[in-house]
Structures are given as C-alpha cells and as structure tokens.
Amino acid sequence: RIFTGYNFNQYVGVELGLADYAQSKDTATIKGVGNGTKKYNIYSLDLVGKAYLPIANSGFNVYGLGGLALVHNKVQVSQTGKVFANTAGNSSTTISKVRPIVGLGTSYDVNSNVTTALEYSHIQGTGNVKTSDKAIPNADMISLNVSYNFG
C-alpha cells in the first residue's frame with residue numbers, strides 16, 4: 001500500500017491510498033457437478049478521513065479512519081468435473097464498485113519528520129461470493145507504515 005495525506009492539525013487529517021491485496025482463493029464442491037475454484041485479485045483506491053487522539057506528549061496517537069474505496073476485483077473461475085450451471089470451463093470476470101472503508105491504528109512520531117504506524121483497515125464487500133462472480137469479498141489489511149512528514 002502506498003499513500004499520501006495531509007493533517008490539518010493534530011486531531012484531523014485526510015489520506016489517499018492505493019492498495020494491492022494478496023490473492024485469495026475459494027473452493028467449492030457441488031454434488032453431481034464437480035469441483036470449482038475462484039481466485040480473487042483485488043486492488044483499491046481509497047480516500048479516508050482520519051481522527052487522531054494524541055496520548056499526552058508521548059509522540060503516540062491512536063486514530064480511526066473512515067471513507068470510500070474504489071475496489072477493482074478480478075475473479076478467475078476454474079472448474080473440474082462437469083460444468084457449473086450457466087458457465088463453461090474457465091472464466092474471468094472483472095468488476096469495480098465504490099465500497100465503504102473503516103479502520104483503526106496507532107502511530108508514533110519518531111521525530112518531527114518520521115512517523116511509524118500499525119493499522120488495521122476493512123473494506124466492506126458486496127454480494128454473495130458463493131453464488132455470484134460479480135460479488136466483491138470483504139478485504140482486510142494489517143499494515144506497518146512508515147511515513148515522511150514534510151514541513
């Protein structure tokens with residue numbers, strides 16, 4: 001994940017980020033049909049607001065974030081045995097949707113220019129991934145961030 005942002009003061013900021021999630025895989029066995037595998041390749045462009053709570057003058061902050069993410073999802077379906085209903089062999093579907101994103105984190109100001117953070121974020125999926133190739137699964141990320149602060 002790469003990001004850029006601006007803090008208006010010590011309590012409020014905004015961030016724009018681009019994230020590439022690890023590929024996830026889901027398998028299913030349907031009686032009388034065979035086995036199938038869905039592979040999800042997701043990346044997102046997000047815009048979030050951040051609310052900080054400084055912890056005294058320690059350099060530590062806890063924060064929450066919330067906003068919107070443009071999620072791009074490519075689903076690759078591979079089938080063995082008989083063919084799933086309404087599909088044939090292998091297929092690929094790509095879909096993009098705007099979804100809500102929320103998260104929590106804690107940061108530490110190493111000095112006036114360098115900040116580290118440990119952050120958890122969650123993008124809410126949509127649709128039923130078991131029955132639709134056009135669904136977007138939930139996307140969770142835990143990241144250890146290092147940022148450089150200008151000015």
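Excluded from the calculations below are hydrogen atoms, water molecules and symmetry mates; all remaining heavy atoms, backbone and side chain alike, are included. Quick caveat, the model's predicted, so the values are computed rather than measured. Throughout, residue positions are numbered sequentially from 1 according to the sequence presented.
Among the candidates Asn138, Val98, Ile136, Asn73, the single residue satisfying the side chain to side chain contact (heavy atoms under 4.5 Å, CB included) test with Thr126 is Ile136. With respect to Asn113, the side chain to side chain contact (heavy atoms under 4.5 Å, CB included) criterion is satisfied by exactly one of Thr115, Val110, Asn111: Asn111.
Tyr11 pairs by the ring-ring contact (aromatic ring centres under 6.0 Å, His included) definition with nothing, not counting sequence neighbours. Checked against ring-ring contact (aromatic ring centres under 6.0 Å, His included), Tyr108 has the following partners two or more places apart in sequence or in another chain: Phe60. Residues satisfying the side-chain contact (heavy atoms from CB on, under 4.5 Å) criterion with Lys134, sequence neighbours excluded, are Thr93, Ile95, Ser132.
Side-chain atoms of Asn145 and Ser143 include a donor-acceptor pair closer than 3.5 Å.
A single hydrophobic cluster is seen to contain both Val12 and Tyr6, as judged by linkage of ILVMFWY side chains at heavy-atom distances under 4.5 Å, directly or through other members.
Each salt bridge (charged side-chain N to carboxylate O under 4.0 Å, His left out) pair with one or both residues in residues 53-63, not counting sequence neighbours, would appear here, but there are none.
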Which atom pairs, donor and acceptor, lie under 3.5 Å between side-chain atoms of residues 42-57 and protein residues at least two apart or in another chain?
residue: Asp46; atom: OD1; partner: Arg1; partner atom: NH2; Å: 3.0
residue: Lys50; atom: NZ; partner: Glu15; partner atom: OE1; Å: 3.0
residue: Tyr52; atom: OH; partner: Asn7; partner atom: OD1; Å: 3.3

Give the table of side-chain donor-acceptor pairs shorter than 3.5 Å for residues 116-123, with sequence neighbours excluded, one pair per line with atom names and distance.
residue: Glu119; atom: OE1; partner: Tyr63; partner atom: OH; Å: 2.7
residue: Tyr120; atom: OH; partner: Asp140; partner atom: OD1; Å: 2.8
residue: His122; atom: ND1; partner: Asp140; partner atom: OD1; Å: 2.5
residue: His122; atom: NE2; partner: Gln124; partner atom: OE1; Å: 3.2

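Side-chain atoms of Asn128 do not come within 3.5 Å of backbone N or O of Ala135 as any donor-acceptor pair.
Looking only at side-chain heavy atoms (C-beta outward), Asp109 and Asn61 come within less than 4.5 Å of each other. By the 4.5 Å heavy-atom criterion applied to side chains, Phe8 and Val14 are counted as neighbours. Side-chain atoms of Gln23 and Asn41, non-hydrogen and from C-beta on, do get closer than 4.5 Å to each other.
Closest heavy-atom contact between Ala139 and Tyr21: CB-CE2, 3.8 Å. The two residues Ser96 and Leu70 have their closest heavy-atom pair at CB-CD1, 4.4 Å.
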Verdict with reasoning, Lys74 to Thr94, per side chain to side chain contact (heavy atoms under 4.5 Å, CB included): CA-CA 4 Å; Lys74 181 177 181 183; Thr94 302; 3.8 Å; yes
